[in-house]
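Notes for the one structure printed next.
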Amino acid sequence: SSGSTMAFTSIKESVYDVHFVLAKNIESSSANTAVKIRLSNDGGSSYEAGTSYQLALQYGTTGGSFGEAKSTGTSALDFTGDTANQNKGAYCYLYNLGNNAKYSFQTFQNMEEGAMNIGGGVYTTAETINAIQFLTTNSNAWTGTIEIYGVKQIWVT
């Protein structure tokens, strides 16, 4: 796909407890163009863009610098890095999307030339999430492939 947004509006949240998202060959021609995730409870008619997301991550660079970033009120979950003209890859797990009694959680890892991030986030409203949007932080276009898979948890006693 290419553009500034992509949406998955049929995620089978009532079937799968966990969703696995894989991003391949994500690239933008503009710096500071990270791909973020927003969630929807109405099939994708609107996506939560307020400050209902929280995140924490650790980062490292090939230059040997390491650090962390965190926020208790942001407008989206993190997914990819934001360096221009570099091929990026990422994956994340999304938990509890179909459970209206629990918050939706995310764990993620991404990689680009010279940097990596690992972390997690939460959408702090307990509701059924039935659509996922991927968007850039600055409306710049990006290209690449995003795949989403349902993961069914099986409990053995």
Side-chain angles (χ1 to χ4, degrees), residues 1-28 33-50 52-60 69-71 74-83 86-157:
S1 180
S2 65
S4 60
T5 65
M6 172 192 286
F8 289 88
T9 57
S10 179
I11 63 169
K12 299 183 180 182
E13 71 284 348
S14 62
V15 176
Y16 298 108
D17 305 299
V18 177
H19 291 79
F20 175 71
V21 181
L22 179 63
K24 299 185 247 180
N25 302 315
I26 304 296
E27 190 169 346
S28 68
T33 305
V35 176
K36 303 280 188 169
I37 297 173
R38 286 190 179 151
L39 305 174
S40 172
N41 67 354
D42 63 6
S45 294
S46 63
Y47 292 90
E48 175 57 47
S52 296
Y53 301 95
Q54 297 180 9
L55 66 93
L57 64 87
Q58 293 182 317
Y59 63 85
K70 55 190 170 188
S71 173
T74 186
S75 64
L77 298 170
D78 274 11
F79 191 46
T80 73
D82 61 6
T83 307
Q86 290 186 7
N87 192 323
K88 300 178 247 308
Y91 71 86
C92 78
Y93 287 93
L94 297 166
Y95 305 90
N96 302 330
L97 299 186
N99 190 333
N100 66 359
K102 294 184 177 183
Y103 290 167
S104 298
F105 286 89
Q106 171 215 38
T107 58
F108 74 92
Q109 184 170 346
N110 63 49
M111 196 72 183
E112 59 188 72
E113 187 177 319
M116 66 85 188
N117 296 298
I118 186 168
V122 61
Y123 174 59
T124 59
T125 302
E127 61 188 8
T128 299
I129 300 301
N130 54 21
I132 304 169
Q133 179 188 50
F134 298 87
L135 70 155
T136 58
T137 51
N138 53 13
S139 299
N140 287 333
W142 56 277
T143 60
T145 301
I146 295 179
E147 301 169 350
I148 185 167
Y149 300 91
V151 178
K152 185 68 176 170
Q153 294 183 24
I154 299 173
W155 300 100
V156 178
T157 58

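Numbers here are sequence positions counted from 1.
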So which atom in Ala141 and which in Ser28 form the shortest heavy-atom distance, rounded to 0.1 Å?
O-CB, 3.5 Å
Report the relative orientation of the aromatic rings in Phe105 and Tyr103; use parallel for angles under 30°, tilted for 30 to 60°, perpendicular for over 60°.
tilted
Val151: what forms a side-chain contact (heavy atoms from CB on, under 4.5 Å) with it, not counting sequence neighbours?
Val18, Phe20
Is it the case that more than 12 heavy atoms not belonging to Glu147 sit under 6.0 Å from its CD atom?
yes
So do Phe108 and Asn110 actually touch side chain to side chain, heavy atoms under 4.5 Å?
yes
Quick one: do Ile132 and Leu94 satisfy side chain to side chain contact (heavy atoms under 4.5 Å, CB included)? Show the steps, please.
CA-CA 10 Å; Ile132 304 169; Leu94 297 166; 3.6 Å; yes
Is it the case that Tyr91 and Gln109 place a side-chain donor and acceptor less than 3.5 Å from each other?
yes
Please tell me if the side chains of Tyr16 and His19 come closer than 4.5 Å, counting only heavy atoms from C-beta onward.
yes
Which residues satisfy the ring-ring contact (aromatic ring centres under 6.0 Å, His included) test with Phe8, sequence neighbours excluded?
Phe134
Is there a side-chain contact between Arg38 and Ser75, using heavy atoms and a 4.5 Å cut-off?
yes
Does Asp17 form a side chain to side chain contact (heavy atoms under 4.5 Å, CB included) with Lys152? I'd like the steps, not just the answer.
CA-CA 6 Å; Asp17 305 299; Lys152 185 68 176 170; 3.9 Å; yes
Any idea which heavy atoms bring Ser40 and Ser46 closest together, and the distance?
OG-O, 2.7 Å
Output for pair (Ser10 OG, Ile148 CD1), nearest 0.5 Å, gives 10.0 Å
Which is it for Thr5 and Gln133 under the side chain to side chain contact (heavy atoms under 4.5 Å, CB included) test, yes or no, and what are the steps along the way?
CA-CA 7 Å; Thr5 65; Gln133 179 188 50; 4.0 Å; yes
Value for CG (Leu97) from OH (Tyr123), rounded to nearest 0.5 Å, stands at 11.5 Å
Hits for side-chain contact (heavy atoms from CB on, under 4.5 Å) against Ala23, two or more places apart or cross-chain, chain-then-number order -> Ile26, Phe79, Ala90, Ile146
For the backbone of Leu39 and the side chain of Tyr53, can you confirm whether one donor and one acceptor N or O come within less than 3.5 Å of each other?
yes
Nearest heavy-atom contact between Ser52 and Glu48 is OG-OE2, 3.8 Å
Less than 4.5 Å apart, side chain to side chain, heavy atoms only: is that true for Cys92 and Ile37?
yes
Criterion side chain to side chain contact (heavy atoms under 4.5 Å, CB included) on Thr74 and Leu55, from CA distance to verdict
CA-CA 8 Å; Thr74 186; Leu55 66 93; 3.6 Å; yes
Check whether the side chains of Glu127 and Asn41 place a donor and an acceptor atom closer than 3.5 Å, and report yes or no.
yes
Which atom pair, heavy atoms only, marks the closest approach of Asn130 to Gly43?
OD1-N, 2.7 Å
Just by modelled atom types, is the Ala56 backbone N or O under 3.5 Å from a matching donor or acceptor in the Gln54 side chain?
no
Please report the closest heavy-atom contact between Ala101 and Ala126, naming both atoms and the distance.
C-CB, 3.9 Å
From Lys24 NZ over to Asn87 CG, what is the distance, rounded to the nearest 0.5 angstrom?
11.5 Å
CG/Asn99 to OG1/Thr128 distance, rounded to the nearest 0.5 angstrom?
7.0 Å
Report the distance from atom CG of Leu135 to atom NZ of Lys36, rounding to the nearest 0.5 Å.
9.0 Å
To the nearest 0.5 Å, how far apart are CG in Leu77 and CD in Gln106?
4.5 Å
Heavy atoms only: give me the nearest Ser104-Ile129 pair and the separation to one decimal.
OG-CG1, 3.5 Å
